[in-house]
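Reviewing the structure listed below.
Letters A, B, ... are given to chains in the order of the sequence lines, protein chains preceding strands, and every chain is numbered from 1. Since this is a predicted model, take the numbers as computed values, not measurements.
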2 protein chains.
Amino acid sequence: MPVTVLLVDDEPLVRAGLRAVLAAQPDIEVVGEAADGAAVIPLVRSLRPDVVAMDIRMPLLDGIEATRAVLRTVAEPPKILVVTTFEDDEYVYEALRAGADGFLLKRSRPEEIVHAVRLVAAGESLLFPASVRQLAARYGAGRADAEPLAKARLTEREAEVLRLMARGLTNAEIAAALVVGAETVKSHVSAVLAKLGARDRTQAVIAAYESGFVAPR
Amino acid sequence: MPVTVLLVDDEPLVRAGLRAVLAAQPDIEVVGEAADGAAVIPLVRSLRPDVVAMDIRMPLLDGIEATRAVLRTVAEPPKILVVTTFEDDEYVYEALRAGADGFLLKRSRPEEIVHAVRLVAAGESLLFPASVRQLAARYGAGRADAEPLAKARLTEREAEVLRLMARGLTNAEIAAALVVGAETVKSHVSAVLAKLGARDRTQAVIAAYESGFVAPR
DNA sequence: AGCGGCCTCCCCCGCGCGGGGGAGCGGGTC
DNA sequence: GACCCGCTCCCCCGCGCGGGGGAGGCCGCT
């Protein structure tokens with residue numbers, strides 16, 4: 001019986017890479033993919049994978065929150081293997097605290113990736129913070145640009161407001177649609193902008209499209 | 001004769017993803033890989049690829065320097081397709097100044113990646129994902145969705161302004177980017193809004209996404 | 001019972017935005 | 001030459017937007 005894996009990453013290219021690397025192994029089977037953290041829980045329920053390879057920086061629900069959500073809501077949770085780049089160093093520990101079973105650098109060689117999946121599937125735990133620090137130190141002398149959508153844990157109401165923003169509605173129209181006051185909408189909009197790292201509603205809508213939160217028709 | 005491609009990225013996962021996406025095409029052949037910019041030149045000399053898919057952020061020699069080096073030292077240089085994670089203006093312009101033939105976001109969908117490789121191999125140069133979509137919409141099976149913008153018939157300058165609007169820039173920033181006055185940008189924005197039937201810049205950006213004028217993901 | 005998160009609503013305030021006009025200039029067409 | 005069009009820049013003006021605060025009610029967790 002092969003190890004079944006669910007891939008969760010917002011970049012199709014990374015998913016394709018993981019799939020190519022893992023599917024080449026006879027004892028590993030990729031059973032599904034997700035592009036954001038919000039889609040993980042239903043997929044885990046229906047596919048019941050042994051391992052979830054989870055990116056940290058993702059739209060809608062980041063890997064840390066998604067890890068917490070899976071471990072909190074699923075009866076027999078899969079092993080969580082956090083897949084990260086060096087920029088996410090700070091978040092690695094948070095992910096491990098959230099209950100992740102191990103982490104993996106995207107820079108890893110294919111053999112290491114395969115090895116990591118096998119190990120966590122077998123119940124081993126991968127903790128190599130030293131190597132992460134090394135890599136972070138080596139490459140970290142670069143930009144400090146943000147991860148706008150990663151920390152974006154929108155509440156239900158905020159997500160609803162963002163959807164309406166992404167349909168071109170003004171605050172007043174959103175208020176009418178949701179049957180609340182205009183000031184309330186302003187509060188939600190401000191919260192959305194802050195969480196997305198957007199300067200104005202236009203940038204928020206762009207982020208919504210870019211992250212796949214809303215899809216062009 | 002298939003298009004031959006050399007993959008240059010420091011992350012094996014990204015290389016595997018590109019390879020998986022490109023190798024699935026009968027008319028594209030991945031002839032080699034490199035993990036840093038320094039290894040590119042000898043590989044280009046020996047493999048003579050049609051296209052080099054080049055990451056920007058790499059150890060030893062970044063993609064921009066590697067691009068310059070290849071174009072400076074190789075007799076019949078390949079097309080350089082810069083593959084980048086962030087839609088970062090400075091890097092993009094720097095890469096294009098260095099002689100790159102186009103750039104591609106890692107967030108792009110597989111079809112867009114394949115399309116981009118084919119286009120640069122054919123001698124087309126793609127400056128922005130938007131132009132990729134435009135070309136795709138023009139040659140590919142035209143969707144009815146593309147009509148609002150097709151009918152709008154934006155002038156070149158207006159299209160440029162819309163592109164920058166769709167990247168979240170304010171009027172002042174657009175003015176700075178285009179090296180014109182703020183009042184000029186206002187005029188163009190007004191013209192764009194009128195032609196798109198948009199009430200504000202947010203609706204204009206939505207129309208840009210919905211029509212495929214700019215590409216998500 | 002306390003605490004924190006979420007949703008709701010309110011104030012003031014600055015400013016970017018968009019509409020309404022107008023105008024000069026170069027290039028192309030007729 | 002007359003004409004149109006695209007690009008450029010300018011004026012005034014109203015208003016939606018977003019930031020800065022604050023506040024009360026509800027719920028779930030501890």
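- At least one donor-acceptor pair under 3.5 Å links the side chain of B:Arg199 to the backbone N or O of A:Gly168.
- Remark: P of C:dC17 and CD of B:Glu173 are 9 Å apart, rounded to the nearest angstrom.
- Residue B:Ile174 contributes atom CD1, which lies 16 Å from atom C1' of D:dT8 at whole-angstrom precision.
- Atom pair B:Glu156:CD and D:dT8:P shows a separation of 11 Å (rounding to whole Å applied).
- Of the candidate nucleotides C:dG18, D:dG18, C:dC11, C:dC11 has the atom lying nearest to any side-chain atom of A:Glu183.
- In this structure, the CG atom of A:Leu162 is 17 Å from the C1' atom of C:dC7, given to the nearest Å.
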side-chain contact (heavy atoms from CB on, under 4.5 Å) assessment of A:Thr155 paired with A:Lys195:
CA-CA 10 Å; A:Thr155 69; A:Lys195 288 185 178 179; 3.8 Å; yes

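- The CE atom of A:Met165 sits 11 Å away from the C1' atom of D:dC17 (whole-angstrom rounding).
- Among the nucleotides C:dG19, C:dC6, D:dT8, the one closest to the side chain of A:Thr155 is C:dC6.
- Here B:Arg199 does not reach the OP1 or OP2 of C:dG18: none of its side-chain N or O atoms lies under 4.0 Å away.
- For B:Val180, the listed nucleotide lying nearest its side chain is D:dC9; candidates were D:dC9, C:dC9, D:dG18.
- Contact annotation: A:His188 reaches the phosphate of C:dT8 (side-chain N/O to OP1 or OP2, under 4.0 Å).
- Considering every non-hydrogen atom in both A:Glu158 and A:Ala191, the closest pair reads OE2-CB, 3.3 Å.
- Nearest heavy-atom pair, A:His188 versus A:Val161, reported as atom, atom and distance to 0.1 Å: CB-CG2, 3.7 Å.
- With hydrogens and angles ignored, no donor-acceptor pair closer than 3.5 Å exists between the side chain of A:Ser187 and the base of C:dC7.
- Backbone-only engagement by A:Ser190 is indicated by non-hydrogen atom pairs under 4.0 Å involving sugar-phosphate atoms exclusively.
- Distance B:Arg157 CZ to C:dC25 P: 20 Å, rounded to the nearest Å.
- Across the interface with DNA chain D, nearest-nucleotide mapping of B:Leu178 and B:Lys186 shows B:Leu178 to be the residue nearer the 5′ end.
- Taking atom CG on A:Leu193 and atom C1' on D:dG16, their separation rounds to 14 Å, with Å as the unit.
- In terms of phosphate contacts, B:Asn171 brings a side-chain nitrogen or oxygen within less than 4.0 Å of OP1 or OP2 of C:dC17.
- Note: CZ (B:Arg201) to P (D:dG18) measures 11 Å, nearest angstrom.
- Distances were taken from every side-chain heavy atom of B:Thr184 (C-beta onward) to each of D:dC17, D:dC9, C:dC7; the shortest belongs to D:dC9.
- Taking 4.0 Å as the cut-off between side-chain N and carboxylate O, B:Arg157 and B:Glu160 do not count as a salt-bridged pair.
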